[in-house]
Number of protein chains: 2
Amino acid sequence: MPASLIDVSEIPSLSRQRLGDQIADVLRKQIVVGELAPGSRIPERETSLALGVSRTPLREALLILESEGLVTMAPARSPIVANPSPKEVVDLLIVQSALEALAGDCACDTITEEEIGHIEELHGQMVAQADSTESIDFFQVDMAFHQAIVAATKNAPLIKTHAQYNSRLWRARYLSSRRRVKKRSLTLAEHGNILEGLRNRDRKRTSRALEKHLKTAIRNISTILAEPGTDA
Amino acid sequence: MPASLIDVSEIPSLSRQRLGDQIADVLRKQIVVGELAPGSRIPERETSLALGVSRTPLREALLILESEGLVTMAPARSPIVANPSPKEVVDLLIVQSALEALAGDCACDTITEEEIGHIEELHGQMVAQADSTESIDFFQVDMAFHQAIVAATKNAPLIKTHAQYNSRLWRARYLSSRRRVKKRSLTLAEHGNILEGLRNRDRKRTSRALEKHLKTAIRNISTILAEPGTDA
DNA sequence: CAAGATTATTTGGTATACCAAATTATGAAT
DNA sequence: ATTCATAATTTGGTATACCAAATAATCTTG
């Protein structure tokens with residue numbers, strides 16, 4: 001007796017979402033954190049049964065995830081979790097870098113004082129957790145920091161595209177983050193630089209700081225991906 | 001007796017694509033050129049019947065188009081062709097601008113001499129058609145010019161994301177292009193500048209030229225969208 | 001015993017059936 | 001005639017059924 005996906009104790013009339021979207025959310029989360037490993041199969045019948053739904057909405061979810069680049073659907077094979085090549089990861093990072101530089105530029109015009117405050121708070125959390133052994137916490141706040149900057153642009157397409165690139169890069173960046181526990185001070189310094197640019201609403205400084213920050217990430221991840229692949 | 005979508009006289013064994021993808025291609029083309037007007041309904045039964053397929057693959061196509069931002073699917077209403085607000089169009093253009101600037105930068109490293117030749121040829125076509133009354137031809141070559149630059153980066157995610165933004169912007173840019181027949185010389189001058197940057201593999205010049213070119217487009221489209229909406 | 005052919009089974013792709021919500025049409029009451 | 005309530009119908013969401021291709025298993029044959 002598989003449990004249904006969500007407790008439907010929400011507002012019964014409003015905000016009903018398609019099942020496919022909900023399933024996509026569930027699977028996306030599992031893929032992003034590596035619970036569903038890259039390359040692993042997602043058989044339609046088995047998975048839909050496990051989720052307590054039929055194949056139809058599961059299929060919709062898989063199509064959504066395919067369009068996001070998280071799932072690969074070959075003609076007559078089981079859908080598999082995307083397993084991006086090193087080159088593809090770098091390509092994704094290059095675009096992500098440009099998106100965040102743009103976001104920094106735009107955010108200087110659109111960000112509110114409250115939003116700056118929120119980002120400062122995130123930065124504070126990262127400083128506080130800099131010595132934490134739980135690398136996952138530090139990493140998640142790091143991601144939230146970047147997301148918050150993009151959100152401050154109020155540019156919906158930019159926010160969505162950035163989120164999608166983030167999903168595809170999450171795993172690679174997490175693995176990179178785990179090996180750089182010793183170098184968190186550099187991350188924090190770069191974040192501080194970005195934050196300073198935002199505070200002064202200095203478009204060039206902010207976008208350049210973000211660009212430089214991402215370039216660092218590209219360099220780090222490139223070296224990791226060059227190694228023979230030892231996974232989590 | 002509705003005709004089937006495609007003649008299956010292709011290689012029978014290889015490259016078989018899902019019906020949903022093919023339908024998405026058909027509908028995307030119709031949406032992009034305005035054959036399916038913004039805001040118009042796409043009833044599932046009626047449309048699937050007209051295309052000679054069942055609702056299932058049509059629905060897959062609609063989901064793909066929704067994820068591309070070309071179709072809006074509300075909870076219990078017929079899917080409708082997206083009708084982006086002026087603010088959204090500008091937001092899209094801002095991102096597209098950053099994507100093309102990035103492409104120009106990257107392409108300077110990756111573009112081949114053949115590809116430069118191809119782009120020069122496109123430029124030559126535009127020069128030749130500068131006085132053509134068929135604004136559609138000039139416009140399409142214009143789009144191809146930009147696509148070719150992005151393609152030269154060999155960055156698959158960038159190419160795909162750019163293509164999606166292009167789809168969503170196609171109509172707005174076409175309408176803008178039609179009102180600027182008199183100012184094609186400016187477009188050509190800016191393209192020449194971009195091309196020169198590519199020839200010299202000058203990353204800064206190329207990306208700046210593309211950025212400036214897109215900024216011009218944003219300005220033009222903004223003024224058009226500010227007017228009361230008279231359509232095609 | 002090994003290798004190839006053939007059958008059985010699994011799996012994705014598509015079509016159809018069913019349901020619930022929403023819209024439209026219809027009719028009664030003021 | 002207008003307005004509100006109610007019934008009929010349309011429409012999207014989900015489940016199920018069916019088919020063809022691909023894979024796995026089995027059997028036959030050299």
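Because only heavy atoms are used, hydrogens play no part in the values below, and waters and symmetry mates are left out as well, while side chains stay in. Protein chains get the first letters and strands the later ones, always in sequence-line order, with residue 1 at the start of each.
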Taking only side-chain nitrogens and oxygens of A:Thr56, does any of them come within less than 4.0 Å of OP1 or OP2 of D:dT14? no
In whole angstroms, how far is the C1' atom of C:dG12 from the CD atom of A:Glu46? 14 Å
Using the ring centroid of each side chain, check whether B:His146 and B:His213 are separated by less than 6.0 Å. yes
Phosphate contact (D:dT11 OP1 or OP2) by B:Arg41 side-chain N/O below 4.0 Å: yes
Measure CE/B:Met73 against P/D:dT11 and give the value in whole Å, please. 14 Å
Rounded to the nearest Å, what distance is computed from the CD1 atom of residue B:Ile42 to the C1' atom of nucleotide D:dT11? 14 Å
Please find out if less than 6.0 Å separates the ring center of B:Phe139 from that of B:Trp170. yes
Let me know the distance between CG of A:Leu51 and P of D:dT14, rounded to the nearest Å. 13 Å
Length of the line joining B:Gln17:CD and D:dA21:C1', which is rounded to integer Å: 17 Å
Checking all strands, does A:Arg45 fall into the base, sugar-phosphate, or nothing category for heavy-atom contacts under 4.0 angstrom? base
Starting at CD of B:Glu44 and ending at P of C:dT16, how long is that distance when rounded to a whole Å? 15 Å
Is B:Arg55 salt-bridged to B:Glu60, going by a charged N under 4.0 Å from an acidic O? no
Using a strict threshold of under 4.0 Å (side-chain N to carboxylate O), is an ion pair present between B:Asp91 and B:Lys87? yes
Can you check the B:Arg18 CZ to C:dT11 C1' distance for me, whole Å? 14 Å
5' priority, DNA chain C, between A:Arg77 and B:Ala76 [closest heavy atom]: A:Arg77
Report the nucleotide, chosen from D:dA17, C:dC18, C:dA15, that has the shortest atom-to-atom distance to any side-chain atom of B:Arg55. C:dC18
Under 4.0 angstrom, heavy atoms only, what part of the nucleic acid is A:Ser78 near: base, sugar-phosphate, or nothing? sugar-phosphate
A:Pro79 side chain, from C-beta outward: closest of D:dA22, D:dT16, C:dG12: C:dG12
Value for CG (B:Leu169) from OG (B:Ser167), rounded to nearest 0.5 Å, stands at 9.0 Å
Value in whole Å for how far the P atom of D:dA15 lies from CG of A:Leu49: 12 Å
